[in-house]
Q: 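Dropping a structure here in structure tokens format, bear with me for questions.
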Amino acid sequence: MPELPEVETMRRGILGIVGAKVRGATPLPSPRKPIRIESAAAELAETIKGKKVQAIDRLGKRVVVRLSGDLSLVFEPRMTGLVLVADPPSQEHLRFRLDLTGCPIRSVYYWDRRGLGSVRLVSNEKLAAELVGNKLGPDALVISPKELQERLGSSQRAIKVALLDQKAVAGVGNLYASEILHLAGIHPGKACRKLKTAEWQEVHRRLLEVLHLAIEHEGSTLSDGTYRNALNKAGGYQNQHRVYDREGEACVLCTSQVIVRIVQAQRATFYCPGCQTLRKKR
DNA sequence: ATTAATGTTCAGAA
DNA sequence: TTTCTGAACATTAA
């Protein structure tokens, strides 16, 4: 489930390795399936050795470790990936270890239960070409209300579905899309092109509000408990959820209606039928 | 004991 | 061009 707040938390969790030097890298073969490491394991380990960690960036839902030599080590957690400095939840799904020298953090681990995620070593040039303005739109924390409207305003898609489009705006995922629209008072099934400018401004305002608050709480750890910060600690924002995974519970805003679960584009959406209507009304 | 559901991304189809 | 569907994977709930 790592979405922007969780990935940002991972990024912050390894900021302490900036300035360190790479002692070695070990892609750990999974007992069942080969790990999803792009370059050959030995080759990656050889190339990365001795490189200096210059910065830690985030590109949408990816953590980017910038290395000397114009290289980037890119962690893409997808569903169940974790970037850790503490010992991983289990040895079993440990996929990758980065060993460092010159900082208190000895190792960074990539652990991924389902193994849908990946660790890649790519040149900055190639990474930029692949992601920036190509696969990924402007970051959700940076995009302006105007730009958000420009990018989605003419789409016929439901607003909830469109917010998940990383090419339109990068970082919003399934959980936060529901939360954002609830606070904005907009029905998740409303077609983008039906939204007025004032509504786009409200979506944008609530988007920032929700994402920043979720980052403060170090993300959401859902009932399956998978997501953890870099210290292997659960996040706290799940306790602030107003609609996500709250089907049947009373809406905390209107208190008169009950949260409903629907499916859009094969994903769960939660909303309050009282606060979030298709027509303007408010 | 099967089957569905989980959420992100991509390839390929409509 | 835009939008939709299924698959990738591992684990758990039904």
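A note on names: the letters A, B, ... follow the listed sequences, proteins ahead of strands, and every chain is numbered from 1.
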Q: Expressed in angstrom and rounded to an integer, what is the separation of A:L131 atom CG from B:dT8 atom C1'?
A: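 The answer, rounded to whole Å, is 14 Å.
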
Q: Short question: side chain of A:Q257, backbone of A:T255 - any donor-acceptor pair under 3.5 Å?
A: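 Side chain of A:Q257 to backbone of A:T255, a donor-acceptor pair under 3.5 Å: no, none is there.
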
Q: Assess, by modelled atom type and distance only, whether the side chains of A:Y227 and A:E3 contain a donor and an acceptor separated by less than 3.5 Å.
A: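 No, no side-chain donor-acceptor contact under 3.5 Å.
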
Q: Starting from P on C:dC9, measure out to CD on A:E76 and report it in whole angstrom.
A: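 Roughly 15 Å, once rounded to whole Å.
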
Q: Measuring to OP1 and OP2 of B:dT9, would you say a side-chain N or O of A:K135 lies under 4.0 angstrom away?
A: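 No.
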
Q: Would you indicate, yes or no, if C:dT3 has its OP1 or OP2 atom less than 4.0 angstrom from a side-chain nitrogen or oxygen of A:S155?
A: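 Yes, because at least one side-chain N or O of A:S155 sits under 4.0 Å from OP1 or OP2 of C:dT3.
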
Q: Given C:dT3, B:dT8, C:dT11, identify the nucleotide with an atom nearest to the side chain of A:E92.
A: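 Of all the options, the side chain of A:E92 is nearest to C:dT11.
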
Q: Indicate whether OP1 or OP2 belonging to C:dC9 is found under 4.0 Å from a side-chain N or O atom of A:R113.
A: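 A:R113 to C:dC9 OP1/OP2: no side-chain N or O under 4.0 Å.
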
Q: Tell me, with the steps shown, if A:R78 and A:D112 meet salt bridge (Lys or Arg N to Asp or Glu O under 4.0 Å).
A: CA-CA 9 Å; A:R78 296 257 187 137; A:D112 193 338; over 6 Å; no

Q: For the pair made of CG in A:L94 and P in C:dA10, what is the distance, rounded to whole Å?
A: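 From A:L94 CG to C:dA10 P: 15 Å.
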
Q: On DNA chain C, check which nucleotide each of A:Q266 and A:M79 is closest to and give me the residue with the more 5' one.
A: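 Closest to the 5' end, via its nearest nucleotide, is A:Q266.
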
Q: Are any of A:H93's side-chain N or O atoms less than 4.0 Å away from OP1 or OP2 of C:dT11?
A: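 True: A:H93 side-chain N/O within range (under 4.0 Å) of C:dT11 OP1/OP2.
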
Q: Tell me the interatomic distance from A:L116, atom CG, to B:dC10, atom P, rounded to whole angstroms.
A: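 Roughly 12 Å, once rounded to whole Å.
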
Q: If the P atom of C:dA7 is compared with that of B:dT3, how far apart are they to the nearest Å?
A: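 Taking atom P in both C:dA7 and B:dT3, they lie 15 Å apart.
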
Q: For C:dC9 and B:dG12, measure between their P atoms and round to the nearest Å.
A: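 So the two P atoms sit 16 Å from each other.
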
Q: Would you confirm whether A:E218, through its side chain, and A:A234, through its main-chain N or O, come within 3.5 Å as a donor-acceptor pair?
A: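 It does not hold such a pair.
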
Q: Do the side-chain N or O atoms of A:R157 get closer than 4.0 angstrom to the phosphate oxygens (OP1, OP2) of C:dT3?
A: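 Yes, because at least one side-chain N or O of A:R157 sits under 4.0 Å from OP1 or OP2 of C:dT3.
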
Q: If I take atom CG in residue A:L82 and atom C1' in nucleotide C:dA10, what distance separates them, rounded to the nearest angstrom?
A: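 So the CG-C1' distance, A:L82 to C:dA10, works out to 14 Å.
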
Q: Answer with yes or no whether the hydrophobic clustering places A:F96 together with A:L71; edges join I, L, V, M, F, W, Y residues whose side-chain heavy atoms lie under 4.5 Å apart.
A: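 Linked within one cluster.
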
Q: Please state how far atom CZ in A:F270 lies from atom P in B:dA5, giving the value in whole angstrom units.
A: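 So the two atoms are 12 Å apart, to the nearest Å.
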
Q: P atom, C:dG6 versus B:dA4: distance in rounded Å?
A: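 That atom pair is separated by 13 Å.
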
Q: Looking at the side chain of A:E3, which of B:dT8, B:dC10, C:dA10 is the nearest nucleotide?
A: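 Looking only at side-chain atoms, A:E3 lies closest to B:dT8.
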
Q: For the pair made of CZ in A:R78 and C1' in C:dA10, what is the distance, rounded to whole Å?
A: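 So the two atoms are 15 Å apart, to the nearest Å.
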
Q: Check every strand shown and say whether A:A268 touches a base, only sugar-phosphate, or nothing at a heavy-atom separation below 4.0 Å.
A: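 Counting heavy atoms under 4.0 Å across all strands, the contact made by A:A268 is with sugar-phosphate only.
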
Q: Round to a whole Å and report the spacing from NZ of A:K167 to P of C:dT1.
A: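 Going from NZ in A:K167 over to P in C:dT1 covers 9 Å.
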
